[in-house]
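Input: a single structure, listed below in C-alpha cells.
Residue numbers run from 1 in the order of the sequence given.
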Amino acid sequence: MKPRQRKQYFRNMKRSDDSEREKRRKRRRLIQELGEQRIPYLSPADPGFQELWDSSYAGLALRQSSALPDGLHERVQSALRTLQRRGCLLRDLVRVRDRDVFTAVSRALVGQPGYTYRYLDTRLFTIPWHCEGEEGQKDEKDKPCCDSDLRDACKALWELNQFFCSDVKQQTNARGVKRSRSDTENSEDTPGEGMCEESVKDRLLEEKQEEEEEEEEEEEDSGQGCSHSSPPSSALPPDVAGLVQFNITLINYMDPIAMTQLKEEPYYGMGKMAVGWHHDENLVPLSPVAVYSYSCPAEPKNEGVTEKDREGQSKEKEKQKETKTEGEGTSKEELKKEEGEGLEKEEVQKEKACWRVGLKVAWDIHTPGLALPLQSGDCYYMTDDLNRTHQHCVLAGDTARFSSTHRVVQCCTGTLDYIQKRSSEALENLHTDPEKNTKSLKSLLPSTLQHIEDIHNEVEFEWLRQYWFQGRRFARFCSWWTKPMEQMEKDWKEMEQMTQLLLAVVEDENTAQENRREMADILLNALSDRQQHRQTWRDSVPHRKLHSSVCLQTYRS
C-alpha cells in the first residue's frame with residue numbers, strides 16, 4: 001500500500017472535515033473582527049490608488065486594448081461569439097459545501113489536445129486549439145474533429161495565447177529591471193519593505209494553512225473558483241525560468257441580466273459579484289495568469305429618451321441651479337463644491353457600470369482592496385506570487401461579458417497521455433492464454449495489486465465518470481475525446497475483470513493463508529473506497545449519471 005499515491009489520486013475527491021472547519025473558523029473570525037465596518041478599497045479615481053497598486057498589488061499588470069496587435073481583437077471577439085452561438089459555453093455542475101450547484105458562469109475549456117482542468121470536484125476536457133499549420137485529429141471517416149468555424153475560433157484563441165506567452169515575459173522582465181534599480185537605490189530595506197528570508201518563510205507557512213472561502217470559491221474570472229490554493233514552491237516560476245507556456249484557457253461568459261442571484265461583495269462594498277473571492281487552483285506554483293476581457297455592446301437603458309429630451313433635462317438642471325443661487329444665496333464656492341461632488345458620484349456610477357476585477361490581500365482586513373475597471377479589449381496579468389498571496393473576484397458590470405483566462409495548469413496527473421500510461425501499467429499484470437482464451441493475474445505481490453486497484457479507481461472516478469457526466473456534452477461540437485474515452489472504458493472493463501480474478505484467488509482455499517489474508521485486506525480497502533465513491537455519485541444529484549455501459553457492480557467483501 002502506498003499512502004502517497006492514494007493521497008495524490010483522491011485528495012481532490014473529498015474535502016476533509018478539518019479543512020472545512022478551518023475555513024469556517026477563519027471566516028467567522030474575519031466577520032467578527034470587522035463587525036459592521038467596511039474595509040476601504042480604492043479605484044482609479046481615488047487618491048493613493050497608484051501607490052496602493054505599487055506597494056501591495058505589484059504582481060498585477062494592466063494591458064489596455066491598444067497593446068494588442070492589429071486585427072487580433074476582431075478575431076478573438078469573433079471566436080468568443082462563435083463559441084456562444086454554437087452552444088459551446090455551458091454551466092458546470094460543481095460541488096460546494098457538499099452540495100451540487102450549477103455555476104452562474106457559462107464555460108468551455110480550450111487548450112492543448114488531451115489536457116484537462118479540475119476545479120470544485122469537476123474535470124473539464126479541452127476543445128483543442130488548432131495551432132498554425134495543424135489540422136487536428138481526424139475520426140475514422142477521415143474528418144477533422146471540429147468543423148471549420150470551430151477550428152477558426154480555436155485558432156484565434158491560440159493566437160491570443162501566443163501573444164500572452166511573449167508579452168507576459170516582456171512585462172515581467174521590464175518590471176524586474178525596475179525593481180532591481182529600486183533595490184540598488186534602497187539597499188537597506190526598512191521594516192515592511194522587501195521580503196527577507198524569514199518573512200518569506202512566514203508567508204509560505206501562513207499561506208499553506210490558508211483555504212479559500214467555500215461559497216465564493218467558484219472561480220474564476222481567472223477562476224476560477226478553486227477548492228485549493230496552489231502549494232508554495234521553491235522552484236522558479238515559468239516566467240523566470242523561460243518563456244511562459246500557457247497550456248489552456250478557460251472561456252467564461254457572464255450576463256448580469258440572466259444572473260439573477262448575484263451576491264453583494266461582503267467586505268468592501270464593491271458591488272455585485274459575478275465570481276466571488278478565490279485563488280485559482282491546480283496551477284503550476286508561481287505561474288502567471290493572463291485574462292482577456294470583452295464586454296458586449298450595451299443596450300441603452302433609457303429607451304425613448306431623445307436627444308431633445310436630454311437637452312431639455314440639461315436646461316432644467318441649469319435653471320434649478322440659478323434659482324437655488326438667487327433664492328438661497330448660494331456662493332460660487334458652494335456651487336462648485338456641489339458640482340464636484342456630483343462629478344465624483346457620476347464617476348463612481350460610471351466605474352460600477354464597467355466590469356471590474358477586485359483584489360485583496362488574503363485574510364487581511366488592514367490593507368485596502370483594489371477595484372480595477374476593465375474596458376472591452378483590456379487584458380490583465382497576475383504574476384509572481386499574486387495568486388497565492390492574494391484573492392480576486394469579478395465584479396459585474398451592466399453588460400454581458402466574455403473572458404479568456406489563460407493558465408499554466410498542473411499537467412502531471414491531468415492529461416490523456418498520463419492516464420493512458422497508468423492504464424497500460426495496470427493491464428500489464430493481466431495474462432491471456434491464447435490457447436484456452438482464459439485470463440489470469442501475472443503477479444500477486446501486494447504492492448502490485450494495490451497499485452493496480454489505485455489505478456482502477458483513478459480511471460473510473462477521475463476520468464470515466466467525469467467525462468460521461470459532463471465532458472461528453474462537447475462531443476457534438478468536437479469529437480477529439482470520443483475514441484480515447486471509448487478505449488479507456490474498454491481498459492476499465494479489463495480492470496474490473498482483474499478485480500474479479502483477485503477475488504477468486506482470495507476465495508480459493510488452496511491459496512496460502514498468509515498471502516490470502518494480505519490480499520483480502522488490499523481488496524477490501526479498494527472495494528470499500530470504490531463503493532463509497534460510487535454511492536456518492538449515485539446519491540448526490542440525478543444529474544450525476546454514468547454512461548449506461550459502465551455498470552455499477554456490487555462486490556462481495
Side-chain angles (χ1 to χ4, degrees), residues 1-19 118 121 123 412-414 417-433 436-468 487-540 546-547 549-557:
M1 186 172 184
K2 298 181 180 179
R4 283 188 181 178
Q5 285 187 341
R6 294 176 69 79
K7 282 185 180 179
Q8 181 181 357
Y9 306 145
F10 295 104
R11 65 175 180 263
N12 288 326
M13 298 181 72
K14 185 179 180 182
R15 298 180 192 160
S16 68
D17 291 337
D18 290 342
S19 174
R118 198 181 194 287
D121 287 352
R123 185 179 297 278
C412 54
T413 61
D417 184 59
Y418 157 80
I419 197 61
Q420 285 177 335
K421 287 178 180 177
R422 295 275 289 167
S423 296
S424 297
E425 287 176 24
L427 296 179
E428 282 176 4
N429 199 46
L430 182 63
H431 171 71
T432 302
D433 188 326
K436 299 180 180 179
N437 198 27
T438 57
K439 297 185 178 182
S440 61
L441 300 177
K442 292 180 181 178
S443 172
L444 295 176
L445 286 173
S447 58
T448 302
L449 298 175
Q450 181 63 63
H451 184 58
I452 292 168
E453 291 303 329
D454 285 343
I455 295 173
H456 185 167
N457 284 347
E458 184 180 12
V459 167
E460 178 173 337
F461 299 108
E462 284 295 309
W463 290 85
L464 282 179
R465 285 182 180 267
Q466 291 282 356
Y467 179 76
W468 291 116
Q487 181 57 51
M488 194 181 302
E489 188 172 331
K490 292 177 183 176
D491 293 343
W492 173 85
K493 289 177 180 177
E494 296 272 30
M495 294 178 208
E496 288 280 280
Q497 188 172 3
M498 293 171 75
T499 301
Q500 294 288 357
L501 290 171
L502 178 56
L503 180 61
V505 172
V506 171
E507 291 179 333
D508 187 355
E509 295 182 358
N510 294 324
T511 305
Q513 189 65 26
E514 185 177 343
N515 294 342
R516 189 179 177 190
R517 184 181 299 110
E518 196 168 2
M519 287 187 288
D521 288 341
I522 291 170
L523 185 60
L524 180 60
N525 289 335
L527 294 182
S528 296
D529 278 347
R530 198 168 302 155
Q531 191 63 22
Q532 180 183 351
H533 290 307
R534 285 176 175 177
Q535 192 63 45
T536 299
W537 277 81
R538 281 198 294 263
D539 293 345
S540 55
L546 192 60
H547 188 239
S549 66
V550 183
C551 57
L552 299 176
Q553 301 182 24
T554 303
Y555 295 93
R556 291 172 288 171
S557 59

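- Checking side-chain atoms of Asp433 against main-chain N and O of Thr438 turns up no donor-acceptor pair under 3.5 Å.
- Summarising the local packing, NZ of Lys442 is surrounded by more than 12 heavy atoms from other residues, nucleotides or ligands at distances under 6.0 Å.
- Taking each heavy atom of Trp492 and Val459 in turn, the nearest pair found is CB-CG1, 4.2 Å.
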Evaluate the criterion side-chain contact (heavy atoms from CB on, under 4.5 Å) for residue pair Leu444 and Asn515; output intermediate values, then yes/no.
CA-CA 9 Å; Leu444 295 176; Asn515 294 342; over 6 Å; no

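- How far CZ of Arg530 is from CD of Glu460: 6.5 Å, rounded to the nearest 0.5 Å.
- Open room surrounds CG on Asn437; 12 or fewer heavy atoms of other groups in view lie less than 6.0 Å from it.
- The CG atom of Leu441 lies 6.5 Å from the CD1 atom of Ile452; values are rounded to the nearest 0.5 Å.
- For the atom pair Glu453 CD and Asp529 CG, the distance stands at 10.5 Å (nearest 0.5 Å).
- Smallest separation of non-hydrogen atoms from Gln466 and Phe461: CG-O, 3.5 Å.
- Of the possible polar contacts, one joining the Asn525 side chain to the Asp521 backbone as a donor-acceptor pair under 3.5 Å is found.
- Scanning both residues, Ser443 and Leu449, for their nearest heavy atoms gives O-CD2, 3.7 Å.
- The line from OG1 of Thr432 to CD of Glu494 is 7.0 Å long, rounded to the nearest 0.5 Å.
- You'll find the side chain of Asn457 stays beyond 4.5 Å of the side chain of His533, heavy atoms only.
- To the nearest 0.5 Å, atom CE of residue Met519 and atom CD of residue Glu507 are 11.5 Å apart.
- Using a 3.5 Å distance cut-off with no hydrogens or angles, the side chains of Gln535 and Arg538 do pair a donor with an acceptor.
- Note that CE of Met498 and CG of Asn429 are 4.5 Å apart. Values are rounded to the nearest 0.5 Å.
- In plain terms, the two heavy atoms of Arg516 and Glu509 that are nearest each other are NH1-CA, 3.8 Å.
- Here the closest heavy-atom approach between residue Met488 and residue Ile419 is recorded as CE-CG2, 3.4 Å.
- What you find for Gly414 and Arg123 is that their closest heavy atoms are CA-NH1, 3.9 Å.
- At distances below 3.5 Å, at least one donor-acceptor pair connects side-chain atoms of Thr499 with backbone N or O atoms of Met495.
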Salt bridge (Lys or Arg N to Asp or Glu O under 4.0 Å) assessment of Lys421 paired with Asp417
CA-CA 6 Å; Lys421 287 178 180 177; Asp417 184 59; 3.3 Å; yes

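- Gln487 and Asp491 form a side-chain donor-acceptor contact under 3.5 Å, judged by distance and modelled atom types alone.
- A side-chain donor from one of Glu458 and Tyr418 sits under 3.5 Å from a side-chain acceptor of the other.
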